[in-house]
Amino acid sequence: FELIQGYGELYFENALGHNRPISIRAGRQSLELLDRRLIGNNQFRNTTNNFEGYRLRFGKKQNDWDLDTFALQPVERYKYEFDQPDEDTWIYGAVLSLKQWSELITIQPYFLGRKVNGDPKNRISADRKADMDIYAPGLRVYGLFWDSGFDFDADINKQFGRFGSLTGSNPTNYSQSLRQHDALAYSLELGYSFDHDWKPRASVYYGFGTGDKSSADNLNQRFDAFYGFN
């Protein structure tokens, strides 16, 4: 009986011109961005990702361009009380969708960030965390190969910043070490939709993400999947 979404919204239908709105949301929201590999609802398990915070959107999906910006806190799951946002963590960013150059191809430059204010000495293990400050610019391009039935989706994401890890045997002597974060991921999907009433589609997918080469150096290379389909 948990509340998945509950937000207020101001919607200005023609603020940027005819049928080009500005919308402002505040409250608890579910959110999916890009190809859902970094921000998604993750509906294949028994809980769904959702967030609390603010979302400001310029334009809408049907326009030839739109800009989606947000600053949100992930909602933590509690078994016997109402879920609450993680007040130590913020995710933020913007996704720009450009479609004015082609009806078949969409270009999406984007930026995502995650900031965690750590609490290494917290006696509750679920609340014990290290500092994190990750910046993740990327570029996604997807669309159709004319009327051939073929489609494609390509994405590349570069991450940098700081990544914290905890050391110690108990909360009284826990300490954290901050390492430089330097990671990369990219993916490519090619698909074909058959001309049939059932609309069957076959596809091939390749994805790559870096892993940490050594835990003993001052560099963390493990790609952070944020809150998407991992």
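Treat the numbers as computed from the prediction; the structure is a model and nothing was measured. Along the sequence shown, residues are numbered consecutively beginning with 1.
Note: Asn50 CG to Gln5 CD = 8.0 Å, rounded to the nearest 0.5 Å. Asp224 CG to Tyr227 OH: the interatomic distance, rounded to the nearest 0.5 Å, is 8.0 Å. Distance check, rounded to the nearest 0.5 Å: CD of Gln176 to NZ of Lys129 gives 11.5 Å. To the nearest 0.5 Å, atoms CZ (Arg222) and NZ (Lys213) are separated by 13.5 Å. Atom CG in Asp131 sits 11.0 Å away from atom OG in Ser177 (nearest 0.5 Å).
Using a 4.5 Å heavy-atom threshold, the side chains of Asp151 and Arg201 count as touching. Taking the side chain as every heavy atom from C-beta outward, Arg25 and Leu31 never approach each other to under 4.5 Å. For the pair Tyr110/Leu33, no side-chain contact is recorded, criterion being any heavy-atom separation below 4.5 Å from C-beta on. A heavy-atom distance below 4.5 Å is found between the side chains of Leu38 and Phe223. Side-chain contact check for Lys158 versus Asp182: some heavy-atom pair is nearer than 4.5 Å. Residues Phe152 and Val141 meet the side-chain proximity criterion, which asks for heavy atoms closer than 4.5 Å. His181 places none of its side-chain heavy atoms less than 4.5 Å from the side chain of Phe160. Using a 4.5 Å heavy-atom threshold, the side chains of Asn63 and Pro21 count as touching.
Asp153 places no side-chain N or O within 3.5 Å of a backbone atom of Tyr205 that could act as its donor or acceptor partner. A side-chain donor-acceptor contact under 3.5 Å links Asn14 to the backbone of Asn19. The backbone N or O of Gly40 lies less than 3.5 Å from a partner atom in the side chain of Asn49, making a donor-acceptor pair.
Note on Leu144 and Val204: same hydrophobic cluster, where clusters join Ile, Leu, Val, Met, Phe, Trp and Tyr whose side-chain heavy atoms are under 4.5 Å apart, directly or indirectly. Under a hydrophobic clustering in which Ile, Leu, Val, Met, Phe, Trp and Tyr are joined whenever their side-chain heavy atoms come within less than 4.5 Å, directly or via other members, Phe145 and Ile107 fall into the same cluster. Cluster annotation: Phe58 is not connected to Tyr7 through the hydrophobic network of ILVMFWY side chains, with a link wherever side-chain heavy atoms come within less than 4.5 Å. By the criterion of side-chain heavy atoms lying less than 4.5 angstrom apart, applied directly or through intervening Ile, Leu, Val, Met, Phe, Trp or Tyr residues, Tyr142 is not grouped with Trp146; the two fall into different hydrophobic clusters. Hydrophobic clustering of Ile, Leu, Val, Met, Phe, Trp and Tyr side chains at less than 4.5 Å, counting indirect connections, unites Leu96 with Leu139.
The neighbour count for Glu87 CD, taken as heavy atoms of other residues, nucleotides or ligands under 6.0 Å away, does not exceed 12. Dense packing is recorded around CD of Gln100, with more than 12 heavy atoms of other residues, nucleotides or ligands lying under 6.0 Å away. Within 6.0 Å of CZ on Phe82 lie no more than 12 heavy atoms contributed by other residues, nucleotides or ligands. Within a 6.0 Å sphere centred on CG of Asp147, other residues, nucleotides and ligands contribute 12 heavy atoms or fewer.
Ring geometry for Tyr54 against Trp90 counts as parallel: the plane angle stays under 30°, on a 0 to 90° scale with 60° as the upper cut.
Between His196 and the choices Trp198, Tyr192, Phe194, the ring-ring contact (aromatic ring centres under 6.0 Å, His included) rule is met once, by Trp198. Exactly one residue among Lys61, Arg20, Arg57 makes a side-chain hydrogen bond (donor to acceptor under 3.5 Å, both in side chains) with Asp66. That residue is Arg57.
Using a 3.5 Å distance cut-off with no hydrogens or angles, the side chains of Glu76 and Tyr78 do pair a donor with an acceptor. No side-chain N or O of Thr89 forms a donor-acceptor pair with one of Gln73 less than 3.5 Å apart.
Under 4.0 Å is where a charged nitrogen must lie from a carboxylate oxygen, and between Arg37 and Asp155 no such pair does.
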Q | Check against side-chain contact (heavy atoms from CB on, under 4.5 Å), Leu56 and Ile22 | A | CA-CA 7 Å; Leu56 173 61; Ile22 290 179; 4.0 Å; yes

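A centroid separation of 6.0 Å or more is found between the aromatic rings of Phe70 and Phe51.
With Phe226 as the aromatic partner, Arg114 meets the cation-pi criteria of under 6.0 angstrom to the ring centre and within 45 degrees of the ring axis.
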